[in-house]
Amino acid sequence: MFSLTMFLSLALSVVTVSTSSLGDAQVAISPLNASYIDSRHDYWNARQSNYSPSCVVYPKSSQDVSVAIRAIRESGSRFAVKAGGHSPNNFFSSVDQGVLIDFKSMTAKSYDAATTLATYEPGSNWGQLYEFYQQYDRTVMGGRLSGVGTGLALGGGLSYLAPQYGMACDSFTELEVVLLNGTITTASTTSNPDLFFGLRGGGGNAFGVVTRYTVQSHPIGKFYAGTLIYVLDHAQKVLEATHDFIAYNIDPKANILVTYETLTTPDVLLNLDEVIVVFIVYDGADPGAAFSNFTQIPRLLDTSKPNKAYTEVADMPIPYTAELSRADNVFRIGAHQISGSDAYREVYDRYAAWADANKGLYVFVSLNFYPVARSMTDASRARGGNAMQMPDGPWFWVNYLLSTPPGLLLDLHDRVQASFRAMVEATPSAPGLPLFLNEAAVDQRPLASFPTYRRLQQIKREYDPDGFFANKTGGWTFD
Ligand SMILES: Cc1cc2nc3c(=O)[nH]c(=O)nc-3n(C[C@H](O)[C@H](O)[C@H](O)COP(=O)(O)OP(=O)(O)OC[C@H]3O[C@@H](n4cnc5c(N)ncnc54)[C@H](O)[C@@H]3O)c2cc1C
């Protein structure tokens with residue numbers, strides 16, 4: 001490990017920052033350093049581990065972040081900001097020959113029982129945050145899986161609790177932000193309200209670096225939850241049950257995540273290369289008939305039961321999980337109407353045909369249905385709304401995951417990606433629905449689908465006037 005002073009001189013050849021203001025951030029420069037190796041390899045999309053940062057900075061405070069940002073700006077270096085490393089998009093939280101700011105040393109968290117507000121730094125993952133707040137019988141709005149990081153909340157943040165409380169960003173009350181000139185400020189409805197608006201679902205890497213989140217916490221008890229696994233023979237029945245849940249469920253405590261998963265292996269034996277997994281989650285002991293459309297269909301496995309802690313819900317296993325794989329993973333997203341639309345059938349049919357036709361060219365593909373309930377869009381609006389300004393539910397997002405083998409020849413890799421993209425684009429998203437930024441590919445330009453896009457462009461011009469973020473790190477484009 002090196003001090004930030006050495007980082008400035010060795011990695012950036014910059015010596016103009018006073019050492020007294022450097023804070024005590026640690027810096028890893030050697031590719032053989034254990035922390036450096038860990039930071040470089042800990043990406044959900046393994047492709048990003050191919051890049052070699054010139055150094056990795058581990059800030060311990062917003063002052064350290066401010067110093068690093070000023071130094072990076074002065075040097076003209078490229079850089080990236082990394083929380084949980086789950087963005088599949090290259091250079092969003094990874095960098096080649098530039099400075100990686102890794103938040104893993106900023107993990108402070110606290111709870112104020114008087115106000116029920118929770119405050120946390122960006123370096124924990126959701127499992128760690130859920131576990132911490134569980135002792136107070138509270139939780140924060142985050143993701144459905146424990147391993148994902150806090151960058152999720154800046155892109156909206158969809159959890160099983162969203163039909164009750166809206167997206168994760170809807171619960172922000174105040175953010176501490178390091179601006180791109182190094183100034184440390186706060187953003188809330190009363191302080192820098194435009195910045196606050198942009199950070200509520202407008203994504204990381206756009207307006208500033210968030211160093212502390214203060215959020216409204218929510219009560220948490222025990223859940224009825226589990227995983228239902230079906231063989232492919234029941235694909236159509238599960239599809240219709242998914243349609244009916246999205247279209248007709250009005251209980252905000254009930255939520256599902258439906259995933260069709262296909263391995264590259266040939267379907268010679270009982271179609272075991274394909275499986276359907278439905279996560280059912282009910283905030284309470286008795287879901288009543290909320291999931292009966294799914295439980296009527298014969299299951300290969302059913303782990304659902306009451307009395308599960310929220311941390312267990314966030315750790316529910318995925319069979320062929322790309323969370324565990326070290327492959328090249330990309331996401332694409334679609335947004336579709338449910339009423340009077342056959343889009344749910346079309347996306348499934350195209351996905352299934354593509355998965356069959358391209359055996360051998362991927363490790364794993366999956367198609368995932370995310371309901372957007374009316375109660376969720378109402379809850380978001382009641383809290384002031386976010387950058388997506390989501391139209392009234394019900395409608396749904398559909399996520400497509402493509403996992404290709406590391407080392408696939410570049411030409412082949414590009415051809416598979418192009419054909420996967422064409423498959424997704426064959427079912428265009430419904431006009432007027434925002435694309436889910438957290439799971440969009442960079443070429444999908446999700447921000448342009450938001451009704452607030454013009455306002456976001458203005459905020460971008462105000463907070464990134466000389467295009468520092470736009471030019472020196474990866475992220476969403478605003479033009
Ligand atoms: C297995 C898996 C499960 C997922 N499940 C969900 C889910 O349930 N709900 C959901 O909404 N999304 C989900 N996602 C999508 C996820 O929200 C995005 O991938 C998100 O970008 C991950 O955040 P991160 O902190 O892990 O990633 P990172 O790649 O570290 O960060 C994501 C982006 O935010 C920026 N960023 C991070 N922290 C800050 C900060 N403090 N200030 C400024 N910019 C910052 C980064 O630079 C990067 O551009 C999932 C993704 C995966 C791979």
Side-chain angles (χ1 to χ4, degrees), residues 39 42-46 48 59 62 65 69 79-95 100-104 106 120-127 129 141-162 166-170 172 175-180 187 195 198-199 201-213 255 257 259 279 281 313-314 316 318 321-325 327 329-331 333 364 366 368 370 372 386 388 397 399 401 403 436-442 446 463-464 469 472-476:
S39 292
D42 186 16
Y43 286 102
W44 179 73
N45 171 11
Q48 304 193 59
S62 50
V65 175
I69 289 288
F79 73 104
V81 172
K82 179 181 181 191
H86 274 63
S87 170
N89 290 313
N90 294 332
F91 303 121
F92 274 48
S93 55
S94 56
V95 61
L100 179 63
I101 299 177
D102 187 330
F103 275 125
K104 68 170 51 157
M106 286 182 68
Y120 57 85
E121 290 182 334
S124 299
N125 66 30
W126 295 109
L129 289 167
M141 296 297 284
R144 288 159 299 190
L145 270 184
S146 58
V148 184
T150 54
L152 167 148
L154 298 173
L158 185 64
S159 79
Y160 291 117
L161 304 179
M167 303 290 284
C169 65
D170 294 321
F172 290 169
L175 303 172
E176 181 185 70
V177 187
V178 175
L179 298 180
L180 304 182
L195 178 62
L199 290 166
N205 271 8
F207 313 108
V209 181
V210 177
T211 46
R212 195 171 58 230
Y213 297 82
N255 208 344
L257 165 55
T259 164
F279 297 91
V281 176
V313 173
M316 292 198 296
I318 306 179
T321 176
E323 172 74 337
L324 300 177
S325 87
N329 301 323
V330 298
F331 280 152
I333 198 79
F364 164 85
S366 78
N368 306 290
Y370 305 160
V372 177
N386 55 46
M388 277 182 281
W397 280 310
N399 159 292
L401 160 59
S403 186
F436 182 35
L437 181 125
N438 271 348
E439 303 196 358
V442 67
Y463 285 92
D464 188 12
F469 255 150
K472 295 295 180 187
T473 187
W476 306 110

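Counting starts at 1 for both ligands and their atoms, in listed order. A quick note: this is a predicted structure, and the numbers were derived from the prediction, not measured.
Looking at Asp464, its side chain never comes within 3.5 Å of a backbone N or O of Phe207 through a donor-acceptor pair. A distance-only check finds no donor-acceptor pair linking the side chain of Glu121 to the backbone of Phe103 [under 3.5 Å]. Looking at Ser159, its side chain never comes within 3.5 Å of a backbone N or O of Met141 through a donor-acceptor pair.
Residue pairs meeting the salt bridge (charged side-chain N to carboxylate O under 4.0 Å, His left out) criterion with at least one partner in residues 144-154, sequence neighbours excluded, are Arg144-Glu439. Note on residues 201-212: pairs passing salt bridge (charged side-chain N to carboxylate O under 4.0 Å, His left out), not counting sequence neighbours, are Glu176-Arg212.
For ligand 1, the atoms closer than 4.0 angstrom to any heavy atom of Leu154 are 39 (C), 40 (C), 42 (N), 43 (C), 44 (N), 45 (C).
Ligand 1 lies within reach of Tyr213, whose nearest heavy atom is under 4.0 Å from it. Residue Phe436 places a heavy atom less than 4.0 Å from ligand 1. Heavy atoms of Gly157 come nearer than 4.0 angstrom to ligand 1 in at least one pair.
For the residues Gly85, Ser94, Gly142, Ala206, the heavy atom positioned nearest atom 28 (P) of ligand 1 is part of Gly85. Counting heavy atoms only, Leu152 comes closest to atom 12 (N) of ligand 1 of the residues Leu175, Asn89, Leu152. Ranked by closest heavy atom to atom 16 (C) of ligand 1, the top entry among Val148, Asn205, Leu401, Leu199 is Val148. Nearest to atom 11 (O) of ligand 1 by heavy-atom distance, out of Leu158, Asp42, Asn399, Val65, is Leu158.
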Could you walk me through whether Asn438 and Phe331 pass side chain to side chain contact (heavy atoms under 4.5 Å, CB included), step by step?
-> CA-CA 9 Å; Asn438 271 348; Phe331 280 152; over 6 Å; no

